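Step one of this worksheet: look at the structure below.
So that the names make sense, note that chain A is the first sequence line, chain B the second, and so on, each numbered from 1. In what follows, every heavy atom counts, from backbone to side chain, and hydrogens, waters and symmetry copies are set aside. On a predicted model such as this, the values are computed, not experimentally measured, just so you know.
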There are 2 protein chains.
Amino acid sequence: MEPRQGAQAIRRALAVLRILAAGREDGVPLAEVVRTTGLTRPTVHRIVHVLIEEGIVERHERTGRYAIGNQVPELALARPRPSRLLIAANPSLQRASAAIGDTLFLTVRTGNDTLCVDRRIGVYPIQVLSIEVGARRPLGVSSAGVAILAAMPAQEARKIVAANEKRFEAYRTDVATVLGEVTAARRLGYGMREIGLVQGTKSISTWIKTPDGQPAAAMTVSAVRTRLGPRREQEVAEILLREARIIEQAIGG
Amino acid sequence: MEPRQGAQAIRRALAVLRILAAGREDGVPLAEVVRTTGLTRPTVHRIVHVLIEEGIVERHERTGRYAIGNQVPELALARPRPSRLLIAANPSLQRASAAIGDTLFLTVRTGNDTLCVDRRIGVYPIQVLSIEVGARRPLGVSSAGVAILAAMPAQEARKIVAANEKRFEAYRTDVATVLGEVTAARRLGYGMREIGLVQGTKSISTWIKTPDGQPAAAMTVSAVRTRLGPRREQEVAEILLREARIIEQAIGG
DNA sequence: TGGTTCTGTCCATAATATGGACAAGAACGC
DNA sequence: GCGTTCTTGTCCATATTATGGACAGAACCA
């Protein structure tokens with residue numbers, strides 16, 4: 001499907017950039033980039049340093065870790081329109097946040113990653129704030145990722161999960177576990193994780209599909225586990241499912 | 001100064017991306033990318049299409065023009081902190097905008113381009129709004145660019161102007177004209193263009209330097225020409241110069 | 001001290017990106 | 001209609017370019 005050739009170096013540079021983006025502000029050590037991309041160290045080293053010269057990547061003084069540079073937001077300014085989805089989802093996030101009281105996330109798929117694009121903090125005094133806007137994770141490790149995978153054709157989902165295999169280790173999961181969760185999510189109608197990425201938290205995610213049936217995003221509630229018992233899980237899931245359908249209407253029109 | 005080799009393709013891809021960023025949402029035709037980068041058409045074609053497959057570039061349905069894709073803002077989310085400069089400049093822009101009443105721009109240098117990063121609209125009923133946040137131009141074609149060039153060592157400025165030679169044509173200027181304006185700006189203490197990029201407008205720009213003497217940005221006022229006669233030009237320049245020094249203090253601390 | 005991480009560099013080699021040449025479509029003039 | 005000039009897209013032999021194995025230094029720990 002993507003047989004265009006003659007640009008190995010560019011593709012590799014982008015793969016490196018995506019890993020660095022997943023590391024956010026803290027940056028990523030070279031060795032980790034080498035491990036997760038599967039490229040050789042001289043190659044990664046060369047790519048990263050060319051990107052530094054070009055201002056696309058920065059190196060943190062103290063740690064020596066590599067991170068996304070300031071020229072990337074500058075390039076991004078050339079594309080200012082906020083996405084349709086963000087506008088369409090806004091009222092639903094507002095309503096659901098008020099009704100539920102716990103933290104809400106809106107997450108999209110980008111390549112083999114999930115990317116948090118919006119967050120609403122609820123009124124309940126204990127909030128799960130571990131995930132920030134811009135947070136990027138391999139598809140499959142969060143309940144949002146599981147929901148998005150559950151919403152796509154099984155074969156495509158398997159392909160993505162396989163591609164992320166190496167990266168799962170860092171999140172203490174593996175291909176079989178993720179595929180199991182995806183299957184469970186399909187049965188339930190929503191994604192769920194009893195053990196959230198942070199100890200003692202629980203997450204519930206619904207998927208949002210585009211008119212052509214592709215998953216566009218996931219809407220997630222994260223809370224301390226004790227606040228999401230079986231009964232309330234049911235309630236929260238119903239709210240999320242209802243709002244997800246409303247967002248689908250909005251992006252469909 | 002930048003002798004690292006082994007990544008021609010990556011550098012070329014970035015050069016293409018920067019041209020596309022300058023085109024903003026409208027996009028840029030392939031032929032123009034070829035002309036301004038000086039690369040051959042097969043090469044640009046290959047690069048652009050690989051970037052499309054990777055989601056970094058998009059092609060507009062109707063026009064066939066190429067533009068920055070949605071994955072670029074997604075990568076940029078990994079770097080959320082707004083720049084020090086933007087924070088430091090905020091009160092000055094506020095004050096100057098109130099005092100002057102015409103549109104104010106804050107512009108930074110990025111590579112061989114100027115990039116508008118902030119804009120304040122004044123109270124006067126006729127405002128020059130042609131430049132938007134995200135607008136990118138070759139250094140030298142706007143008064144902000146002239147100011148930034150005037151604030152750097154003459155040799156470096158000449159080098160940048162020479163590098164932009166090909167791109168000047170599209171703005172109906174040339175190396176000699178730009179260098180003349182830069183010299184004039186050094187004498188005056190601020191950048192000025194009697195004929196703005198839009199017919200009948202006039203612009204005045206002051207430069208803002210970092211503690212180490214490098215130009216960090218330019219602050220610009222644009223107005224219809226009749227509103228910036230010699231007397232008012234003097235007044236406006238004084239306000240801009242004063243605020244520029246205040247911003248320099250703020251980023252210096 | 002030796003062992004284990006990490007990062008950085010060299011350079012012969014193979015694989016890769018290159019660009020001249022060709023092709024075809026679109027817009028314009030007449 | 002037909003030529004002219006613009007555009008974008010593709011092929012493929014070639015040589016330029018990116019590659020990665022091997023080596024080395026630095027930092028940390030026992």
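For the strand DNA chain D, secondary-structure stems (runs of at least three Watson-Crick or G-U pairs, all distances below 3.5 Å) span C:1-30 with D:1-30.
At whole-Å resolution of the value, NE2 in B:His45 and P in D:dC11 are 10 Å apart. The interatomic distance linking B:Arg59 (CZ) with D:dT7 (C1') rounds to 10 Å, in whole Å. Protein atom NE2 of A:His60 is 18 Å distant from nucleotide atom C1' of C:dC6, rounded to whole Å. Whole-Å rounding puts the A:Ile47 CD1 to D:dG20 C1' distance at 12 Å. Atom CZ in A:Arg46 sits about 13 Å away from atom P in D:dG21, given to the nearest Å. A:Ile10 places its CD1 atom 14 Å from the P atom of D:dT17, with the value rounded to the nearest Å. Distance, B:Leu30 CG to D:dT10 C1': 13 Å, rounded to whole Å.
Ion pair B:Glu169/B:Arg35 not flagged as a salt bridge, since none of the NZ, NE, NH1 or NH2 atoms sits closer than 4.0 Å to an Asp/Glu carboxylate oxygen. Between A:Arg79 and B:Glu58 there is a salt bridge, since a side-chain N of the basic residue sits under 4.0 Å from a carboxylate O of the acidic one. Between B:Arg119 and B:Glu132 there is no salt bridge, since none of the side-chain N atoms of the basic residue sits less than 4.0 Å from a carboxylate O of the acidic one. Using a cut-off of 4.0 Å between Lys/Arg side-chain N and Asp/Glu carboxylate O, A:Arg193 and A:Glu181 are scored as salt-bridged.
Projected onto DNA chain C by closest heavy-atom contact, A:Tyr66 and A:Ala9 fall at different nucleotides, the more 5' of which corresponds to A:Tyr66.
The phosphate of D:dT16 (OP1 or OP2) has no side-chain N or O of B:Gln8 nearer than 4.0 angstrom. Note on B:Arg35: a side-chain N or O is less than 4.0 Å away from OP1 or OP2 of D:dT7. Phosphate proximity of D:dG20 to A:Thr43: present, with a side-chain N or O under 4.0 Å from OP1 or OP2.
For D:dG20, its base never sits under 3.5 Å from the side chain of A:Arg41 at any donor and acceptor pair.
Under the salt bridge (Lys or Arg N to Asp or Glu O under 4.0 Å) rule, A:Asp113 has a single partner from A:Arg167, A:Arg137, A:Arg18, which is A:Arg167.
Here the side chains of A:Val178 and A:Leu139 are not in contact, with every heavy-atom distance at 4.5 Å or above.
The aromatic ring centres of B:His45 and B:Tyr66 sit 6.0 Å or more apart.
Backbone-only contact: A:Arg12 has heavy atoms under 4.0 Å from sugar-phosphate atoms and none from a base. Within 4.0 Å (heavy atoms only), A:Arg65 reaches no atom of the nucleic acid at all.
For A:Pro42, the listed nucleotide lying nearest its side chain is D:dA22; candidates were D:dA22, D:dT19, D:dT8.
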